[in-house]
Amino acid sequence: MSGSILLILRLVMTLTLYAFLGWALLTLWRDLKRQSELVAARQTPPITLSHQTGEGSTPYYFSSQEILIGRDPVCDCQMDDMTVSASHARLSYHHGQWWIEDLQSTNGTFLNQEPVSTPVVITSADELRCGQVVFIITIGDSQSNETSV
């Protein structure tokens, strides 16, 4: 009798162990699926650079994670102004924020009248000046089809 009780206890323990392993794997799979959905849902918020001129403003819309500003034709935001360096500044989105970085430009990059010497976080309504070119930054607004890049 004690042998049959021992066999039954072993079977119950084995079934319990397999049930626990199945539950643990199911929980891990659900968490992994949820995390992948969260990562897939993360998107770079769009950013608008409104170029201030005497006649008004010209908006440039961007949705990529990195934007180069400069005179060079390969720049995402090309400015035809002699006070802007070929590769003047870089806007990049990381750690959940937009950042501005001066690329050792000749005439400097200024954020809200302060010189940018290290990467700095930018927010909506900030004023960005590259040489003599002034931009007003808007983050997260819906894009129109006008000057979309």
Side-chain angles (χ1 to χ4, degrees), residues 10-149:
R10 284 184 181 172
L11 288 174
V12 168
M13 291 296 289
T14 304
L15 289 175
T16 305
L17 178 63
Y18 280 117
F20 174 75
L21 288 174
W23 173 79
L25 289 174
L26 180 65
T27 302
L28 288 172
W29 179 75
R30 285 180 180 167
D31 284 346
L32 183 62
K33 186 177 176 184
R34 188 177 312 127
Q35 285 295 327
S36 67
E37 289 172 356
L38 286 174
V39 167
R42 284 187 201 156
Q43 293 183 358
T44 305
I47 187 168
T48 305
L49 301 177
S50 298
H51 174 69
Q52 302 297 308
T53 61
E55 303 149 2
S57 67
T58 305
Y60 296 94
Y61 302 98
F62 299 97
S63 59
S64 59
Q65 288 189 341
E66 185 172 291
I67 303 159
L68 287 176
I69 301 172
R71 258 191 358 256
D72 196 342
V74 299
C75 290
D76 301 307
C77 185
Q78 183 186 7
M79 294 287 104
D80 192 24
D81 188 298
M82 293 308 293
T83 62
V84 176
S85 297
S87 291
H88 197 97
R90 175 185 303 128
L91 291 168
S92 57
Y93 184 78
H94 55 88
H95 298 101
Q97 297 175 317
W98 278 101
W99 297 71
I100 182 71
E101 175 184 5
D102 184 59
L103 300 176
Q104 299 178 350
S105 61
T106 305
N107 293 317
T109 303
F110 296 85
L111 183 65
N112 299 325
Q113 308 302 325
E114 296 291 323
V116 175
S117 56
T118 60
V120 178
V121 174
I122 57 176
T123 59
S124 247
D126 277 349
E127 181 183 279
L128 174 65
R129 183 165 55 92
C130 298
Q132 296 301 317
V133 177
V134 178
F135 297 101
I136 299 297
I137 298 170
T138 308
I139 297 174
D141 282 352
S142 61
Q143 296 181 357
S144 69
N145 292 330
E146 295 171 17
T147 319
S148 187
V149 178

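Note: hydrogens, waters and symmetry copies are ignored here, and every other heavy atom, side chains too, is used.
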Participant: With a 6.0 Å cut-off (strictly less than), is the heavy-atom count around CG of D31, excluding the residue itself, greater than 12?
Facilitator: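 It does: D31 CG has more than 12 such atoms within range.
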Participant: Any side-chain heavy atom of Q113 within less than 4.5 Å of one from E127?
Facilitator: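 Yes; the side chains approach each other to less than 4.5 Å.
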Participant: Heavy atoms, side chains only, cut-off 4.5 Å: are M13 and L17 in contact?
Facilitator: no
Participant: Calculate, to the nearest 0.5 Å, the distance between atoms CZ and OG belonging to R71 and S85 respectively.
Facilitator: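 Separation between the atoms: 6.5 Å.
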Participant: Checking the side chain of T48 only, and the main-chain atoms of Y61 only, is there a donor and an acceptor separated by less than 3.5 Å?
Facilitator: no
Participant: Between D126 and T123, is a side chain to side chain contact (heavy atoms under 4.5 Å, CB included) present by the stated rule, with each step listed?
Facilitator: CA-CA 6 Å; D126 277 349; T123 59; 3.4 Å; yes
Participant: Among residues at least two apart in sequence or on other chains, which ones pass ring pair (Phe, Tyr, Trp, His ring centres under 6.0 Å) with F110?
Facilitator: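 Ring pair (Phe, Tyr, Trp, His ring centres under 6.0 Å) list for F110, sorted by chain: empty.
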Participant: Is R34 reaching over with its side chain to a backbone N or O of S36, donor-acceptor style, under 3.5 angstrom?
Facilitator: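 A pair under 3.5 Å: no.
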Participant: Nearest 0.5 Å please: distance from the OG1 atom of T109 over to the CD atom of E101.
Facilitator: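 So the gap between those two atoms works out to 9.5 Å.
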Participant: Tell me, do I47 and I67 make a side-chain contact under 4.5 Å, heavy atoms counted?
Facilitator: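 Answer yes - side chains close enough.
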Participant: Could you report the tightest heavy-atom contact between F62 and C77, atom names first, then the distance?
Facilitator: CZ-CB, 3.7 Å
Participant: First locate atom OG1 of T118, then atom CD1 of I100, and finally report the distance between them rounded to the nearest 0.5 Å.
Facilitator: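 T118 OG1 to I100 CD1: 11.5 Å, rounded to 0.5 Å.
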Participant: Distance check, rounded to the nearest 0.5 Å: T27 atom OG1 versus L32 atom CG?
Facilitator: 12.5 Å
Participant: Give the C-alpha distance, both sets of side-chain angles, the deciding distance and a yes or no for side chain to side chain contact (heavy atoms under 4.5 Å, CB included) between L128 and I122.
Facilitator: CA-CA 9 Å; L128 174 65; I122 57 176; over 6 Å; no
Participant: Below 30° counts as parallel, above 60° as perpendicular, anything between as tilted: where do the rings of Y60 and F135 land?
Facilitator: perpendicular
Participant: Below 4.5 Å, heavy atoms only, C-beta onward: do I137 and L49 meet side chain to side chain?
Facilitator: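 Sidechains of L49 and I137: in contact.
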Participant: Mind running side chain to side chain contact (heavy atoms under 4.5 Å, CB included) on I69 and L91 for me, showing each step along the way?
Facilitator: CA-CA 8 Å; I69 301 172; L91 291 168; 4.1 Å; yes
Participant: Might you point out which heavy atoms bring V84 and G70 nearest each other, and give the distance in Å?
Facilitator: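 So the minimum-distance heavy-atom pair works out to CG1-CA, 3.7 Å.
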Participant: Which heavy atom of A86 sits nearest a heavy atom of C75, and at what distance?
Facilitator: O-SG, 3.3 Å
Participant: Starting at NE2 of H51, measure out to CD1 of I136 and round the result to the nearest 0.5 Å.
Facilitator: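 It is 11.5 Å, given to the nearest 0.5 Å.
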Participant: Just by distance, do the side chain of D76 and the backbone of L68 share a donor-acceptor pair under 3.5 Å?
Facilitator: yes
Participant: Is it the case that more than 12 heavy atoms not belonging to E66 sit under 6.0 Å from its CD atom?
Facilitator: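 Atom CD in E66 is crowded, with more than 12 foreign heavy atoms closer than 6.0 Å.
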Participant: Treating H88 as the side-chain partner and G108 as the backbone partner, does any N or O pair qualify as donor plus acceptor under 3.5 Å?
Facilitator: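 Judged by distance alone, yes, a pair lies under 3.5 Å.
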